[in-house]
2 protein chains.
Amino acid sequence: MVAGLSTELNILEAARKVFMQKGFAAARMCDIAKTANINPALLHYYFRKKEKLFDVIFEQELDGFHSDIMSILHSGRTFFENIRLIIDKDIQKVASAPFLPMFILNEMHSNPERMQRSLGIIQRHSALFNVFREVVEREHLAGRIRAVCPQQLFLSIWGLTMFPFLAQPMVKMALEIDDQSFDALIRERSEYVSDMLIKSLQV
Amino acid sequence: MVAGLSTELNILEAARKVFMQKGFAAARMCDIAKTANINPALLHYYFRKKEKLFDVIFEQELDGFHSDIMSILHSGRTFFENIRLIIDKDIQKVASAPFLPMFILNEMHSNPERMQRSLGIIQRHSALFNVFREVVEREHLAGRIRAVCPQQLFLSIWGLTMFPFLAQPMVKMALEIDDQSFDALIRERSEYVSDMLIKSLQV
DNA sequence: GTCTATAGCGGGATAGAC
DNA sequence: GTCTATCCCGCTATAGAC
């Protein structure tokens with residue numbers, strides 16, 4: 001029907017919000033219906049089960065996660081320039097969806113089986129790391145950076161950029177800051193993290 | 001009764017396991033009872049509600065989180081030595097309870113109100129940061145480290161040490177490593193992170 | 001203190017009218 | 001496609017015997 005597509009998108013939008021904030025177990029179908037301003041029964045008409053609906057959201061979110069990093073790595077710029085771009089992109093993306101990291105990691109943690117359902121995502125993620133590793137090794141052989149374990153560096157980039165969002169409530173509490181100060185901290189973080197990483201990599 | 005205390009401890013131990021793995025919403029009182037090998041009704045005899053039981057666990061876990069860092073900061077060692085000790089302690093502690101960071105952050109995220117119930121914890125956490133800030137500022141004035149935003153540094157230490165555990169399933173997937181390789185990565189991480197931080201702080 | 005039995009409800013899912 | 005009504009299960013919580 002005419003309204004079909006728009007209703008479906010409407011549901012997906014609402015489900016995204018609710019699942020991201022509450023996670024699978026705590027999310028209520030009623031909440032999703034209320035957020036979408038539709039009848040609860042409609043959720044089952046479009047997506048047969050809660051889990052089906054969740055899977056759609058989860059896959060979408062996970063897939064777009066590091067999609068543009070690959071292209072940055074393949075650009076002609078220097079390694080240090082690329083580091084800055086990647087950090088910037090990561091922080092910028094997550095800042096616009098601050099619940100995303102927590103959502104992804106939490107669900108992967110609480111339901112590891114879900115992951116194995118979508119092999120394609122796994123492949124894309126490890127492909128990303130392999131490119132990253134090659135670049136790091138090339139840079140070191142060329143004498144432009146010091147010897148470094150690519151895995152550790154990869155983990156560090158993720159940790160430095162995503163942790164503030166993962167721990168947002170705790171961070172605000174421990175640092176005694178409000179929303180504005182937190183935003184300011186995030187705005188300054190990109191440069192701070194890039195400087196720190198680059199300085200630690202210089203020969 | 002005689003069995004009273006041991007049953008209570010038994011319950012707490014079981015509840016810790018289940019809540020840590022599943023989180024509040026997905027955890028089942030039955031699972032806890034089964035894990036503790038007791039009758040489900042007993043849970044309500046000792047702790048009136050699921051939430052009461054959860055609160056006890058949550059508070060315990062959160063409180064012990066950074067308890068020994070304070071004493072490290074107050075020791076007579078140099079700043080760089082302290083950085084190494086803190087990183088080491090953090091990683092070591094979390095490695096022995098890898099679900100802990102995810103548990104804490106997830107519950108703070110999904111139920112921020114719970115936090116306000118226990119003001120003491122908030123105070124201890126911000127006290128920790130204040131000591132850290134003073135130390136950093138003193139070191140900079142003494143010319144022993146370069147100028148650095150204490151908040152950013154604090155966030156970085158946490159992120160670099162805790163992220164690997166928070167993202168463990170994703171990390172294994174992206175880096176294509178198994179449990180053994182992950183453990184090896186963690187063992188090497190303490191030194192890697194310390195070196196990186198110290199190098200970026202040197203004047 | 002520990003058990004059995006069961007109340008009571010919240011929430012996912014379906015049937016069927018429109 | 002959308003609605004109302006309702007089923008039914010799983011789970012928390014309690015009553016009450018032992």
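To find a chain, count down the sequence lines: A is the first, B the second, and so on, and within it residues start at 1.
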Nearest listed nucleotide, side chain of A:Asn39, among D:dC3, C:dT2, D:dT2 = D:dC3
Return the value, rounded to whole Å, for the distance between atom [atom1] of [X] and atom [atom2] of [N].
X	N	atom1	atom2	value
B:Asn10	C:dG1	CG	P	14 Å
A:Ile11	D:dC3	CD1	C1'	14 Å
B:Leu42	D:dC18	CG	P	18 Å

Are B:Arg16 and B:Glu13 ion-paired here, with the side-chain N under 4.0 Å from a carboxylate O?
-> yes
In chain order, what residues pass the side-chain hydrogen bond (donor to acceptor under 3.5 Å, both in side chains) check against B:Gln152, with sequence neighbours excluded?
-> A:Arg189
Is the CD atom of A:Gln202 crowded by more than 12 outside heavy atoms at less than 6.0 Å?
-> yes
Short question: side chain of A:Ser75, backbone of A:Ile72 - any donor-acceptor pair under 3.5 Å?
-> yes
Using modelled atom types only, decide if a donor and an acceptor are shared between the side chain of B:Lys50 and the backbone of B:Phe24 within a distance under 3.5 Å.
-> yes
B:Thr7 side-chain N/O to C:dG1 phosphate OP1/OP2 under 4.0 Å = no
Are B:Phe54 and B:Phe103 close enough that their ring centers fall under 6.0 Å?
-> yes
Do nucleotides 9-15 of chain C as a string where each nucleotide becomes B, S or -: B if the base has a protein heavy atom under 4.0 Å, S if just the sugar-phosphate does, - if no protein is that close.
-> --SSBB-
